[in-house]
2 protein chains.
Amino acid sequence: MQKKAKARTYHAHRERQRRRILDAAQSLFIEQGIERVTMAEITLSSGLQPSTMYQYFSSKDDIAWELISELLAATATRVKQRIEGAPNALAVITAFLEFMADELSGNQAAVRFLAEFDARYAHDWPVERLLTLESQIDPQPFRFFTDLIRSGIADGSLRADLDPELTMHAVMNAVIGAQRRLASLGRKVEVEYGQPVDRLFRETLRILLLGLRAPEASTIKSSNTRKRTARKRSS
Amino acid sequence: MQKKAKARTYHAHRERQRRRILDAAQSLFIEQGIERVTMAEITLSSGLQPSTMYQYFSSKDDIAWELISELLAATATRVKQRIEGAPNALAVITAFLEFMADELSGNQAAVRFLAEFDARYAHDWPVERLLTLESQIDPQPFRFFTDLIRSGIADGSLRADLDPELTMHAVMNAVIGAQRRLASLGRKVEVEYGQPVDRLFRETLRILLLGLRAPEASTIKSSNTRKRTARKRSS
DNA sequence: TCAAATTCGAAATACCATTTCGAATTTAAG
DNA sequence: CTTAAATTCGAAATGGTATTTCGAATTTGA
């Protein structure tokens with residue numbers, strides 16, 4: 001009574017089973033967090049037996065890892081779409097930050113999942129495994145960031161005193177850290193800070209951009225050139 | 001043969017036991033992370049029996065919570081020392097950020113402990129419990145932050161277009177998020193970003209400060225002489 | 001000296017991840 | 001169609017861990 005679907009081949013069948021497990025686990029993880037989901041729930045929800053499930057994944061962590069890998073890959077694709085066509089370095093960075101804000105608003109649960117994953121595994125990650133993940137997303141992240149800052153300084157959209165080897169990494173870490181913290185704390189932020197998550201995060205991004213942007217680009221250079229107040233409010 | 005110390009009273013004895021447990025747990029948590037420490041290790045390390053331990057704390061989480069509470073209180077004290085005497089709002093914020101950087105450099109394990117705690121419990125925290133913690137540290141955090149931004153705008157050390165109700169909370173969240181992420185990832189950051197933790201974090205802070213600082217005010221008058229403030233804020 | 005509080009020791013309970021194994025079912029291949 | 005290999009099932013076993021229980025021993029306060 002178990003096989004209603006007609007698997008043409010073992011391989012196709014295995015693929016389907018695997019996906020069934022991953023989908024079930026993803027829903028559960030995102031709803032409840034990795035910690036509180038039991039293997040029994042995953043097997044139940046995917047309609048398999050424990051013994052069968054362990055023929056596909058060797059542990060709960062194994063499943064979580066696979067899901068993260070897929071999630072990051074999908075995210076990377078969307079990021080690339082968002083930043084392509086940006087006219088200069090500042091625009092690329094702005095587009096990226098806006099992407100992060102939209103992710104937080106629209107996929108808060110997924111961001112929380114990422115945060116929990118990091119917290120759970122960061123300590124014991126084999127570095128190579130981390131690098132595998134990273135390189136899946138961008139084969140040359142160092143180069144990309146470094147070049148970005150350099151070109152921004154060259155085209156005058158970024159401050160001249162930024163450090164190409166350093167700044168973009170620092171900003172990335174801050175943005176990711178801030179985003180995940182907000183996603184993890186969720187509604188509690190509004191209690192702690194008295195402001196909605198989305199507004200807080202966008203204000204963070206605004207400040208960071210103000211710190212990156214070349215002074216001429218947003219406000220005055222010396223005492224009395226034209227002054228354009230940075231208006232970003234009330235959007 | 002267990003009582004070598006002469007407890008004058010039950011109460012004093014209980015205090016000592018309690019502290020013994022907390023100290024043992026703290027070392028273990030900070031060394032290995034909350035997750036991987038077992039109750040058996042804590043009881044062993046504190047020289048008690050499980051049954052005795054459960055007369056002091058109802059669970060591992062209970063111990064962790066108590067430790068966090070102490071840790072936050074101690075941190076708050078040090079923060080206050082660091083920021084007192086700062087001549088204006090920008091200086092207060094700068095001092096605070098430097099404090100955060102020093103914490104990361106000097107107590108990375110403790111920061112990682114905080115990060116793990118947040119990740120573990122953020123989802124289920126009863127909000128009241130969170131607020132109890134917060135208020136232990138600062139009875140009026142909203143007011144303080146709001147006033148800080150206001151006074152910085154007034155004395156010309158901060159940009160005029162900051163939002164007193166929002167900006168400082170946003171910066172706090174970003175700084176804490178960035179700090180804890182770096183502490184959690186630890187040495188792996190250097191693999192991922194190719195830069196030491198400390199440099200990355202300080203660069204983050206620099207960018208944030210650049211974003212907060214009033215454009216004219218690269219050098220500020222430390223005196224609070226009331227210069228005619230050019231108020232540009234509507235509403 | 002006695003009653004209450006505390007601790008000990010050891011075993012018991014409960015939950016969960018993961019494994020084992022033999023029987024049943026499905027697939028691939030001759 | 002037949003059969004061997006792969007897969008799944010079902011159910012029970014294993015092992016680790018948190019937490020509890022309980023009676024005996026010890027310590028404290030009065």
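Residue numbers begin at 1 in each chain, while the letters A, B, ... track the order of the sequences.
Spacing between atom CD of Glu35(A) and atom P of dA17(C) amounts to 10 Å, rounded to whole angstrom units. Distance, Leu44(A) CG to dC9(D) P: 13 Å, rounded to whole Å. Atoms CZ (Arg14(B)) and P (dA5(C)) sit 11 Å apart, rounded to a whole Å. Rounded to whole Å, the distance from CE on Met53(B) to P on dG9(C) is 15 Å. Protein atom CG of Leu28(A) is 14 Å distant from nucleotide atom P of dC16(C), rounded to whole Å. Per the geometry, CZ belonging to Arg16(B) stands 14 Å off P belonging to dT27(D), to the nearest Å. Rounded to an integer number of Å, the gap from Glu41(B) CD to dT17(D) P is 8 Å. Computed from coordinates, the Arg18(A) CZ to dT8(D) C1' distance equals 18 Å when rounded to whole Å.
His13(B) has no side-chain polar atom (N or O) that falls below the 4.0 Å cut-off from OP1 or OP2 of dA5(C). In this model, the phosphate group of dT7(C) is not approached by any side-chain N or O of Gln49(B) to a distance below 4.0 Å at OP1 or OP2. Between Tyr56(A) and dT7(D), a side-chain N or O to OP1/OP2 separation shorter than 4.0 Å is absent. For Thr52(A) and dC9(D), the shortest distance from a side-chain N or O to OP1 or OP2 is below 4.0 Å. Within the structure, every side-chain polar atom (N or O) of Gln17(A) is placed at least 4.0 Å from both OP1 and OP2 of dT7(D).
Counted by atom type alone, Gln81(A) and Arg78(A) present zero donor-acceptor pairs between their side chains at under 3.5 Å.
Summarising the geometry of Leu148(A) relative to Ile93(A), their closest heavy-atom pair is CD2-CG1, 3.8 Å, with the distance given to 0.1 Å.
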Distances under 3.5 Å between protein N/O atoms and the N/O atoms of nucleotides 18-22 of chain C, please, pair by pair.
from, atom 1, to, atom 2, distance (Å)
dT18(C), OP2, Tyr54(A), OH, 2.8
dT18(C), OP2, Lys60(A), N, 3.4
dT18(C), O5', Tyr54(A), OH, 3.3

Margin query: For Met39(B) and Phe57(B): C-alpha separation, side-chain torsions, deciding distance, then whether side-chain contact (heavy atoms from CB on, under 4.5 Å) applies.
Written below: CA-CA 11 Å; Met39(B) 286 303 259; Phe57(B) 297 96; over 6 Å; no
Item checked: Verdict with supporting geometry, Arg36(B) and Gln32(B), side chain to side chain donor-acceptor pair (under 3.5 Å) -> CA-CA 6 Å; Arg36(B) 47 209 307 101; Gln32(B) 314 181 24; 5.1 Å; no
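Checked against salt bridge (charged side-chain N to carboxylate O under 4.0 Å, His left out), Glu70(B) has the following partners two or more places apart in sequence or in another chain: Arg19(B).
Sorted by first then second residue, the salt bridge (Lys or Arg N to Asp or Glu O under 4.0 Å) pairs that include residues 108-117 of chain A, not counting sequence neighbours, number zero.
Note: His169(A) and Phe142(A) have perpendicular aromatic rings, judged against thresholds of 30 and 60 degrees for the angle between ring planes.
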